[in-house]
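Down below is the structure, laid out as C-alpha cells.
Letters A, B, ... are given to chains in the order of the sequence lines, protein chains preceding strands, and every chain is numbered from 1.
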Amino acid sequence: MKITFPDKNVREYAPGTTGLDIAKSISEGLARKVLAARVNGEVRDLARPVDSDAAIEFLTWDDTDGKSTFWHSSAHLMAEALEHFYPGVKFWVGPPVENGFYYDVDLRGKTISNEDFSKIEAKMKELAKQKNAYVRKEMPKEEAVRYFSDKDDEYKLDLLEGLEDGQITFYTQGNFTDLCKGPHIPNTGLIKAIKLMNVAGAYWKGDDSNKQLTRLYGVTFPKQKDLDEYLAMLEEARKRDHRKLGRDLSLFMFDDDVGPGLPLWMPNGAVIIDELEKLARQTERDAGYVRVRTPHIAKESMYKTSGHLPYYADSMYPPMEMEGERYYLKAMNCPHHHKIFGHMNASYRDLPIRLAEYGTCYRYEQSGELFGLMRVRSLQMNDAHIYCTEEQFAEEFRAVNDMYLRYFRIFNIDKYVMRFSTHSADKLGKKYVDNAELWLKTEKMVRDVLVESGIPHVEVADEAAFYGPKIDVQVWSAIGKEFTIATNQVDFAQPGRFGLEYRNSKNEMETPICIHRAPLGTHERFIGFLTEHYAGNFPLWLAPHQVSILPISDRFNAYALRIHGLLNNSDIRSLIDRRDEKIGRKIRDAELQKVPYMLIVGEKEEQEGTVSVRQHRQGDAGTRTIDLFISDLKAEIQRQTSV
RNA sequence: GCCGUUGUAGCUCAGUGGUAGAGCACUUCCUUGGUAAGGAAGAGGUCAUGAGUUCAAUUCUCAUCAACGGCUCCA
C-alpha cells in the first residue's frame, strides 16, 4: 500500500503495518515521541494497522490533536488511580480540555480534598512508569450493555443509550477499562509530569436539576520542564489578576457592609472611569449620539411593557413597595430610553436617533457567579439605543461595529472573538419573542453586515437576547475565564411593545428598529479587563497618577510643589513623594505603583528649572525643561487617544 | 442557586484547647540622601459573625456571612 506523508513523500508498506511501525521506519526519534496518527484526516491509535493507501500525519505534543489525545489518555490514567483509592467509584466522562483534562466521577458519598491530590498524583506516576499500553477492544453494543449492567453503572449505561447500535469500543490500560471511542497514546509511560489542579462540583450532563458529580481537573506533560513552565505561567497570570492589582493599585474594593458584588471605586479607579467616560462622550458626540439621563428605578408596569419581567425577574433585585406600587431597581436602560424616544414625536427626518447614557444598573447575579469586577451586581453601562428605519439599519449596525474596532485599536485589544448569536426555532414563544419571520429577517441583515464588512465572527444558535439577535465580543481574563466585553444587539420586539413610532415620508406611522449597543461594556468589566490587559501598566492617558514627583530631599519640596502646580494647570495628574526616604526608595515605590513617569528633582534641576525624567519600566530618560516635559506628555496623551 | 475549599493586623502569611506572631505597609525620631528597599523605636487584631461542647474556644462542633475553584445562569 502507498502511504503519503505531509511533505507529499510517498512510501510503500505492507498492508496491515501499524502507525507506530511506519513512524519507526522514518526515525527512532519520531517513534519515541509520536502520540497518535492522523490517517486520512482521522486521528487514530498508533497501534492500529493501516490496511490500504492512506495519507498519514504523525501527531506529537506540538499538535493540538496530539496534546488532546495525550490529555485524554491522562484522564484514563487518573481514573485508574481513583479506582485504586476509591473502590466502587463510578465514572461519567473524562475529556481533554484547553489546559489539561478532567474526569467527572461519582464518589458515592466520599469527598476528595486538595490534600488527597499528592497521593493520587503519586499513584498516577507509579502507574505511568509501568508503561501500560492503551489497548483498544470492540464489542457489540448488547455485550457492552450487559457488561455495565453487571457493574450496576448507570452512568456508562446512559452513555451507551446515546450511542448507535453496532460495535462499541473500549480501552484498557493496566487495571482500568473504560468505554471510550479513543484514540489514545501508545502507553502510559509517555506521561512524565502530572499535576492535579483542582476539584469542583459539576452537574451531571450540565443540568442543574441533576445530581452533582465530583469533577477533578488535572494537567500532564511529556516532560517535567513543561509542567514547571506551565506552573510558572499560571503564577505570572495570577500577578495580572485584576483582583490582586485592584488591591495593590487601590483601584476598587469590596466591603461586607456594602454587599457582595457591589464594588466601591477608590480615587485611582474613579480616575480611570472619568477618562473612559470622556473618551466615550467625545466618540459618541462625533458619531451623532445625544446624551440622556434616567432614574435608577422604575415601576413594575414598565418592565411588564418591555417584556423583561417574565424573563429576568429572578435576576433583578426584589421590588420595593411604595404607595401601593412596586418599583424595581433597573437592570437595563432600554425601557427608560424607549420612553424618551416615545415622547420625541419623531419623523423619519429625525432618524436615526441615538440616545446614550452611562446608565447604572443593578442585577442580582447568582452568588456563585460573582467574580471580582468582571461579574458584579451594580454596573454602569456604556449604553446607547439607536432608533432607525429598516433602510438605515445596516449602515447603523456597521457604524456601531466600526466604533468597536476603533476602541479596540485605542486599547490595543487584539485577542477577541466576535460571536453572532441567533435564536433557536424550537424556543420561540419561550426563550424568544414569537415572531419567526422577523428573527430570520434581522438575522440575515446582521449576517450580511458582518460578511460585507469582512468582520471575522462565529455564529452560535440559541444564544440570542429574547428580543433579537446580537453580536458579543468575547475576551478572556488573566486566569482564562471568558467574558463578554462589548455587545451590539438588534431589537425588533421592544419598540412595538412600547408603541414606539415615527412618521414616514408618506405620513404613515411606522415602528423603528432599535439597536442596543455597549462597545465599552460596563465600567466594572471593562476596567477589570483593562487592568489585566495592561497588567496594571495603564497607558499614560488612563493612568490614575501620570507623574510622580520625587524630590531628592526635603530641601526641594518647594520646587516639587511648583512643578505639581504647573502639571495641574495642564491637566496632568501628579503627586509628590515627600516621605523622608532616599531617592532609590521613592523610585522603587513609584515603579511598583506603575506610575508612567517619575520626575527626580534636586539641586541641579531647581537651579536650571528642569526635571530629570524617568519612565516606568524604561529607566532614566534624561533631563528636560518643565515646559518641554509638559508638551511631550500632552502630545503622548493626544497620540494615545486619537487612533 | 449547587458542589468543594478557605476566613488570624492595611497586604502576604505563620501559629495555638490556657485570652496572639512574622515580613511588608503605617507613625515618630535619626539621617539630607541622585535613578528599584538607610537606621532605630512605636502603634495596630472582639483571630469573619452567632450559637454549642468545655473549668477554659481564635483553636473542636454546628449555623450564618463572605471570598476563592468549578457547575448552572448571564437582558
Side-chain angles (χ1 to χ4, degrees), chain A residues 102 104 107 111-115 197-217 241 243-244 247-248 250 253-261 303 306-309 311-316 330-335 361 363-372 374-375 381 383 431 463-468 470 472 479 481-484 487 489 491 493-494 516 518 525 550-557 579-592 598-605 612-623:
Chain A
Y102 66 79
D104 279 350
L107 293 170
T111 56
I112 289 185
S113 72
N114 298 35
E115 286 86 71
M197 300 306 287
N198 50 50
V199 54
Y203 295 110
W204 184 37
K205 296 185 184 180
D207 183 338
D208 62 3
S209 61
N210 283 340
K211 78 181 281 189
Q212 277 204 338
L213 303 175
T214 303
R215 177 171 295 179
L216 199 53
Y217 284 88
D241 192 317
R243 293 167 297 182
K244 174 176 166 46
R247 252 198 317 273
D248 293 348
S250 303
M253 55 173 279
F254 290 92
D255 184 276
D256 279 0
D257 266 344
V258 177
Y303 297 109
S306 71
H308 283 96
L309 224 41
Y311 296 98
Y312 300 112
D314 283 352
S315 46
M316 292 172 78
K330 71 175 170 186
M332 69 297 291
N333 301 302
C334 32
C361 299
R363 297 179 177 178
Y364 197 79
E365 301 285 1
Q366 295 183 15
S367 58
E369 277 309 323
L370 301 175
F371 176 75
M374 305 294 238
R375 197 74 182 269
M381 250 195 284
D383 214 355
K431 187 172 170 185
E463 291 284 331
F466 76 86
Y467 46 64
K470 61 176 181 176
D472 292 322
I479 60 167
K481 273 180 193 272
E482 182 175 340
F483 288 95
T484 299
T487 185
Q489 314 180 344
D491 184 347
Q494 286 193 63
H516 304 230
R525 188 171 288 180
L550 313 178
I552 294 285
S553 82
D554 57 11
R555 298 212 318 268
F556 311 104
N557 283 353
R579 289 175 308 164
D580 188 4
E581 292 290 351
K582 290 192 179 172
I583 196 66
R585 179 52 176 277
K586 294 183 181 182
I587 288 169
R588 175 182 156 83
D589 289 345
E591 288 283 353
L592 291 176
M598 284 149 267
L599 297 182
I600 291 134
V601 293
E603 189 157 8
K604 189 162 72 82
E605 288 78 9
S612 179
V613 181
R614 183 189 163 100
Q615 202 174 349
H616 175 48
R617 297 200 297 172
Q618 309 284 322
D620 199 334
T623 299

Nearest of [options] to any side-chain atom of [X]?
X        : options                : result
A:Asp256 : B:rG70, B:rA66, B:rA75 : B:rA66
A:His308 : B:rC3, B:rC73, B:rA75  : B:rA75
A:Arg243 : B:rC68, B:rC73, B:rC3  : B:rC68

Checklist entry - When rounded to the nearest 0.5 angstrom, what is the spacing between CD1 in A:Ile587 and NZ in A:Lys582? => result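 With rounding to 0.5 Å, CD1 (A:Ile587) is 13.0 Å from NZ (A:Lys582).
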Next on the checklist: Please determine whether side chain to side chain contact (heavy atoms under 4.5 Å, CB included) holds for the pair A:Ile600 and A:Lys586, giving the CA-CA distance in whole Å, both sets of side-chain angles, and the decisive distance to 0.1 Å.
Outcome noted: CA-CA 9 Å; A:Ile600 291 134; A:Lys586 294 183 181 182; over 6 Å; no
Next on the checklist: Base of B:rA75, side chain of A:Ser315 - is there a donor-acceptor contact under 3.5 Å?
Outcome noted: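 When only heavy-atom distances are counted, A:Ser315 does reach the base of B:rA75 through a donor-acceptor pair under 3.5 Å.
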Side-chain contact, heavy-atom cut-off 4.5 Å: [X] with [Y]?
X        : Y        : answer
A:Arg525 : A:Arg375 : yes
A:Leu370 : A:Glu365 : yes
A:His308 : A:Cys334 : yes
A:Tyr303 : A:Tyr312 : no
A:Arg614 : A:Glu591 : yes
A:Leu550 : A:Leu599 : no
A:Asp589 : A:Arg579 : yes

Pick the [atom1] atom in [N] and in [M], then give their distance to the nearest Å.
N      : M      : atom1 : answer
B:rU12 : B:rG7  : C1'   : 14 Å
B:rU16 : B:rA22 : C1'   : 15 Å
B:rA37 : B:rU31 : C1'   : 16 Å
B:rG23 : B:rA9  : C1'   : 12 Å
B:rU61 : B:rG18 : P     : 16 Å
B:rU19 : B:rA56 : P     : 15 Å
B:rA63 : B:rC24 : P     : 40 Å
B:rC30 : B:rA36 : C1'   : 24 Å

Checklist entry - RNA chain B: A:Gly259 or A:Lys470, which has the more 5' nearest nucleotide? => result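 Here A:Gly259 is the residue nearer the 5' end.
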Next on the checklist: By nearest heavy atom, map A:Cys334 and A:Asn198 onto RNA chain B; which one lands nearer the 5' end?
Outcome noted: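 In this pair, the answer is A:Asn198.
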Next on the checklist: So which atom in A:Phe371 and which in A:Arg243 form the shortest heavy-atom distance, rounded to 0.1 Å?
Outcome noted: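 Reported closest heavy-atom pair: CE1-NH1, 3.2 Å.
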Item to check | Nearest heavy atoms of A:Asn210 and A:Tyr203, plus distance in Å | outcome: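 Minimum heavy-atom separation between A:Asn210 and A:Tyr203: O-CD2, 3.6 Å.
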Remember a base hit wins even if backbone is also touched, and classify [X] as base, sugar-phosphate or nothing at under 4.0 Å, heavy atoms.
X        : answer
A:Ser209 : nothing
A:Tyr217 : sugar-phosphate
A:Arg247 : sugar-phosphate
A:Phe466 : nothing
A:Gly372 : sugar-phosphate
A:Tyr102 : nothing
A:Tyr203 : base
A:Lys205 : nothing

Checklist outcome for this item: Heavy-atom contacts, protein to nucleotides 29-39 of chain B, under 4.0 Å, summarised as B (base), S (sugar-phosphate only) or - (none) per nt, yield -BBBBBBBBB-
Checklist entry - Which dot-bracket string describes RNA chain B (Watson-Crick N1-N3 plus N6-O4 or O6-N4, or G-U N1-O2 and O6-N3, all under 3.5 Å; [ ] crossing; | other strand)? => result (((((((..((((....[..)))).(((((.......))))).....(((((..]....))))))))))))....
What's the [atom1]-[atom2] distance between [X] and [N], to the nearest Å?
X        : N      : atom1 : atom2 : value
A:Arg375 : B:rC71 : CZ    : P     : 12 Å
A:Glu365 : B:rA66 : CD    : C1'   : 18 Å
A:Leu216 : B:rC3  : CG    : C1'   : 13 Å
A:Gln212 : B:rU5  : CD    : P     : 13 Å
A:Phe371 : B:rA66 : CZ    : C1'   : 16 Å
A:Asp104 : B:rG70 : CG    : C1'   : 10 Å
A:Arg363 : B:rG1  : CZ    : P     : 18 Å
A:Leu370 : B:rG69 : CG    : P     : 12 Å

Next on the checklist: For B:rG70 and A:Lys481 - does any side-chain N or O of the residue sit under 4.0 Å from the phosphate oxygens OP1/OP2?
Outcome noted: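 Checking A:Lys481 against B:rG70: at least one side-chain N or O falls below 4.0 Å of OP1 or OP2.
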Item to check | Below 4.0 Å: OP1/OP2 of B:rC26 and any side-chain N or O of A:Arg579 | outcome: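 Answer is yes, contact under 4.0 Å.
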Checklist entry - Between A:Arg363 and A:Met316, is there a donor-acceptor pair closer than 3.5 Å when you use the side chain of the first and the backbone of the second? => result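 Side chain of A:Arg363 to backbone of A:Met316: no pair is present.
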Next on the checklist: Has A:Arg215 got a side-chain atom pairing as donor or acceptor with A:Tyr102's backbone, closer than 3.5 angstrom?
Outcome noted: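 No; judged by distance alone, with no hydrogens or angles, the pair does not exist.
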Checklist entry - Going through the checks in order, is the side chain to side chain contact (heavy atoms under 4.5 Å, CB included) test met by A:Gln494 and A:Ser306? => result CA-CA 6 Å; A:Gln494 286 193 63; A:Ser306 71; 3.7 Å; yes
Next on the checklist: For the CZ atom on A:Phe483, are there more than 12 heavy atoms of other groups (residues, nucleotides or ligands in this structure) within a distance under 6.0 Å?
Outcome noted: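 Yes, because the 6.0 Å sphere around CZ of A:Phe483 holds more than 12 heavy atoms from other groups.
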Short N/O separations, protein against nucleotides 40-42 of chain B, under 3.5 angstrom:
none

